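Below you'll find the structure, written out as structure tokens, and then a few comments.
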Amino acid sequence: MATPTMPPDPRGPRPRLLMCPPDHFGIEYEINPWMDVTQGSDAAIARRQWQALREAVVALGAEVELLEPAAGLPDLVFTANAGLVFRGLFLPSRFRFGVRQGESPLFERWAREHGFEVVPLPEGMYFEGAGDALFCGETLFAGYRFRSDVRGHQWVGERLGVSVLPLELVDPRFYHLDTCFCPIAPDAAIYYPGAFDEYGRSVIRDQVPRLAEVSAEEAASFSCNAVVVGRTVVLNRGAPKLAATLGAMGFDTRPLEFSEFIKSGGSAKCLTLRLDGEEAAAWKSSP
Ligand code: ARG
């Protein structure tokens, strides 16, 4: 009997995300304005919120790979900062702060064991991976100042042969690009204008035809830090205006609670690293 043939999935192969269970997550130092060691965090709530994100992306069709958590590295859970994935290459982060530098060997080992070619940046450059470098279409938008530096981004652009648009981040609360800019299609992104200077805003407006602008209030609830799977944007609760804007642009939204991770300055997107390539992430989600 002939086997029936399936039509190819128009979105291409399943999206793959790297996540790290929050077993050792906590607020143990302060390296951004959201962190307050006296506030602490609740391990059980963090676990529930992380698990809900994992279940949501799996239900949307993504495949989740897990990195083993490690004691003494409370921010390892933020896999967006592992590095930048581009096709089969993995460019590991060079963290600005010593407290996060111990994560790099673990991320690098994971990448090597999973078939990526690891391409280290030269010494003396700072680069915080997909936290600060995001493809929208074929262009790499690159945030700098608080964490990554411009030289790191330039080196990455040359090594990958892609065009890089450096954007200066001006508000310390939005210290990584993924806290204020989120590509959702090759021609579309979510962004919070207040995190950029006038020049950065004009670059974004010139380069990205469809923009979902976020208010100061909704940006402060980390709504730009979203994960896109297919046509669904998974983001922190508390951004009804953005949800309406995204709806009008043809996207569904899936609000979840990320309060424990926001205490550390991270939300949905920070907890994931797209492994099938950030450039593919934007491309495949195009409505
Ligand atoms: N506490 C972490 C830090 O300050 C949060 C990282 C959030 N990650 C991100 N991709 N924005 O480094």
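The basis for the numbers below is simple: all heavy atoms, side chains too, and nothing from hydrogens, waters or symmetry mates. Bear in mind the structure is a predicted one, so any value in this text is a computation, not a measurement.
- The structure places CG of L18 at 5.0 Å from OG1 of T79, a figure rounded to the nearest 0.5 Å.
- Between L134 and K269 there is a side-chain heavy-atom pair separated by less than 4.5 Å.
- Residue L167 holds its CG atom at 8.0 Å from OH of Y144, rounded to the nearest 0.5 Å.
- V57 and L66 fall within the same hydrophobic cluster, defined by Ile, Leu, Val, Met, Phe, Trp and Tyr side-chain heavy atoms under 4.5 Å apart, directly or through other members.
- Closest of all the heavy-atom pairs between V228 and P183 is CG2-O, 3.8 Å.
- Within the 4.5 Å cutoff, the side chain of S264 has heavy atoms near those of the M35 side chain.
- Ring to ring, F222 and W34 are close: their centroids are under 6.0 angstrom apart.
- Taking every heavy atom of both residues into account, E213 and P193 meet most closely at CG-CG, 3.4 Å.
- Applying side-chain contact (heavy atoms from CB on, under 4.5 Å) to M19 and the options T272, V77, L273 leaves one that passes, T272.
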- Give the intermediate values and the outcome of ring-ring contact (aromatic ring centres under 6.0 Å, His included) for residues F86 and F135. CA-CA 10 Å; F86 184 77; F135 279 97; 5.4 Å; yes
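- Heavy atoms only, all atoms of each residue included: V214 and C224 are closest at CG2-SG, 3.8 Å.
- Residues V150 and L84 are members of separate hydrophobic clusters, defined by side-chain heavy-atom contacts under 4.5 angstrom among Ile, Leu, Val, Met, Phe, Trp and Tyr.
- Within the 4.5 Å cutoff, side-chain heavy atoms of W155 are placed close to those of P122.
- A distance-only check finds a donor-acceptor pair linking the side chain of E30 to the backbone of V37 [under 3.5 Å].
- Atom OG of S163 sits about 7.5 Å away from atom CD of Q207, to the nearest 0.5 Å.
- Here the shortest heavy-atom pairing between P15 and R274 reads CB-NH2, 3.0 Å.
- Classification of R47 and D42 as a salt-bridged pair fails, no side-chain N sitting under 4.0 Å from a carboxylate O.
- Contact annotation: the side chain of W50 approaches that of P21 to within less than 4.5 Å [non-hydrogen atoms, C-beta and beyond].
- Atom CZ of R254 is surrounded by 12 or fewer heavy atoms from other residues, nucleotides or ligands within 6.0 Å.
- Note that the CZ atom of F127 and the CG atom of L121 stand 6.0 Å from one another [nearest 0.5 Å].
- Q49 places a side-chain N or O within 3.5 Å of a backbone atom of S259 that can act as its donor or acceptor partner.
- Judged by distance alone, the side chain of E108 and the main-chain N or O of P92 form no donor-acceptor pair under 3.5 Å.
- Summarising the geometry of I31 relative to R147, their closest heavy-atom pair is O-NH2, 3.0 Å, with the distance given to 0.1 Å.
- Grouping the Ile, Leu, Val, Met, Phe, Trp and Tyr side chains by contacts below 4.5 angstrom, directly or via other members, places F78 apart from Y126.
- Within the 4.5 Å cutoff, no side-chain heavy atoms of V162 are placed close to those of E138.
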- Message: Pair F116, W110 - check side chain to side chain contact (heavy atoms under 4.5 Å, CB included), show working.
- Response: CA-CA 9 Å; F116 290 94; W110 186 91; 3.9 Å; yes
- Message: Please evaluate residues L140 and H153 with respect to the criterion side chain to side chain contact (heavy atoms under 4.5 Å, CB included), reporting the C-alpha separation (whole Å), side-chain torsions for both, the decisive distance (0.1 Å), and the verdict.
- Response: CA-CA 9 Å; L140 189 61; H153 288 315; 5.7 Å; no
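- A donor-acceptor pair is defined here as one N or O able to donate and one able to accept, closer than 3.5 Å; such a pair exists between the side chain of R14 and the backbone of A62.
- Side-chain contact, Y191 with R205: a donor N or O sits under 3.5 Å from an acceptor N or O.
- A salt bridge links R16 with E65; the closest basic N to acidic carboxylate O contact falls under 4.0 Å.
- Put simply, the side chain of N236 never gets that close to the backbone of S223: no donor and acceptor are under 3.5 Å apart.
- Looking at R54, its side chain never comes within 3.5 Å of a backbone N or O of V64 through a donor-acceptor pair.
- Salt-bridge annotation for R231 and D252: absent, with no side-chain N of the basic residue lying under 4.0 Å from a carboxylate O of the acidic one.
- L73 and L67 fall within a single hydrophobic cluster, where Ile, Leu, Val, Met, Phe, Trp and Tyr side chains are chained together by heavy-atom contacts under 4.5 Å.
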- Derivation of the side chain to side chain contact (heavy atoms under 4.5 Å, CB included) call for L235 and I190: CA-CA 11 Å; L235 78 181; I190 299 168; 5.6 Å; no
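- Ring centers of F181 and F141: under 6.0 Å apart, within the cut-off.
- Between D75 atom CG and I27 atom CD1 the span is 7.5 Å, to the nearest 0.5 Å.
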- Task: Under the side chain to side chain contact (heavy atoms under 4.5 Å, CB included) rule, what do R145 and V170 come out as? Steps first, then yes or no, please.
- Result: CA-CA 8 Å; R145 180 165 153 186; V170 301; 4.2 Å; yes
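- Taking the six-membered ring wherever Trp is involved, the centroid distance between the rings of F146 and H176 does not fall below 6.0 Å.
- One N or O on the side chain of D132 and one on the backbone of S148 form a donor-acceptor pair closer than 3.5 Å.
- No side-chain heavy atom of V164 sits less than 4.5 Å from a side-chain heavy atom of E158.
- Remark: E68 CD to L106 CG distance equals 9.0 Å, nearest 0.5 Å.
- For Y192 (side chain) and F174 (main-chain N/O), no donor-acceptor pair under 3.5 Å exists by modelled atom type.
- Taking the side chain as every heavy atom from C-beta outward, D149 and R96 approach each other to under 4.5 Å.
- A donor-acceptor contact shorter than 3.5 Å links the side chain of N81 to the backbone of E128.
- Using a 4.5 Å cut-off on side-chain heavy atoms (C-beta onward), N225 and F258 make no contact.
- Between F261 and F25, a ring centre-to-centre spacing shorter than 6.0 Å is recorded.
- Panel note: side chain Q39, backbone K263; no donor-acceptor pair is recorded below 3.5 Å.
- A continuous path of Ile, Leu, Val, Met, Phe, Trp and Tyr side chains, each step under 4.5 Å between heavy atoms, connects V227 with V58, placing both in one hydrophobic cluster.
- The nearest pair of heavy atoms linking A226 to C182 is O-SG, 3.6 Å.
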